[in-house]
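Have a look at the structure below, then the notes.
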Amino acid sequence: MTKYEYKTIRISQKGFGFKSRKIPDLESTLNREGKEGWRLCEIIQPAAVMGESTAVIVIFERILEE
């Protein structure tokens, strides 16, 4: 059975409100983590209706070596 470990990174967005938000630069984060063996698992965008959060959550996974 393959076992995985997971890592969560929170990336702040610039601006407040639905229309003023700018997408953060994910490319540098993905490249940096990829060099260390992490694979993108999921990107979670914040709820934009009420502006609850100004961050994007990025979840990575990699195989645990035995």
Side-chain angles (χ1 to χ4, degrees):
M1 175 191 284
T2 305
K3 294 183 181 182
Y4 295 90
E5 65 178 321
Y6 294 88
K7 178 179 187 177
T8 303
I9 296 179
R10 181 182 173 108
I11 303 173
S12 295
Q13 288 183 300
K14 295 179 172 55
F16 295 97
F18 180 70
K19 292 185 178 184
S20 65
R21 286 188 183 176
K22 294 180 181 168
I23 298 172
D25 180 24
L26 295 175
E27 184 177 359
S28 61
T29 302
L30 296 174
N31 286 331
R32 181 182 68 239
E33 299 303 325
K35 288 178 183 176
E36 295 182 15
W38 292 99
R39 180 175 70 173
L40 177 64
C41 185
E42 186 172 354
I43 297 176
I44 302 171
Q45 296 254 325
V49 177
M50 301 299 283
E52 290 90 354
S53 176
T54 59
V56 172
I57 307 298
V58 184
I59 302 171
F60 294 94
E61 69 179 4
R62 70 178 169 188
I63 296 173
L64 282 174
E65 295 185 25
E66 297 182 35

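Note that the coordinates shown come from a computational prediction; the quantities given were computed from them, not determined experimentally.
A single hydrophobic cluster is not seen to contain both Leu40 and Tyr6; linkage of ILVMFWY side chains at heavy-atom distances under 4.5 Å, directly or through other members, places them apart.
Identified under the salt bridge (charged side-chain N to carboxylate O under 4.0 Å, His left out) test for residues 28-38, with sequence neighbours left out: Lys7-Glu33.
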Evaluate the side-chain contact (heavy atoms from CB on, under 4.5 Å) criterion for residues Trp38 and Thr29: first the C-alpha distance (whole Å), next the side-chain angles of each, then the deciding distance (0.1 Å), finally the verdict. CA-CA 11 Å; Trp38 292 99; Thr29 302; over 6 Å; no
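Ile9 contributes atom CD1, which lies 10.5 Å from atom CG of Leu26 (distance to the nearest 0.5 angstrom).
For Ile44, the side-chain contact (heavy atoms from CB on, under 4.5 Å) criterion is met by Glu42, Ile57, Ile59, not counting sequence neighbours. Partners of Glu61 under the salt bridge (Lys or Arg N to Asp or Glu O under 4.0 Å) rule, at least two apart in sequence or in another chain, are Arg39.
Nearest heavy-atom pair across Ile63 and Tyr4 is CG1-CE2, 3.5 Å.
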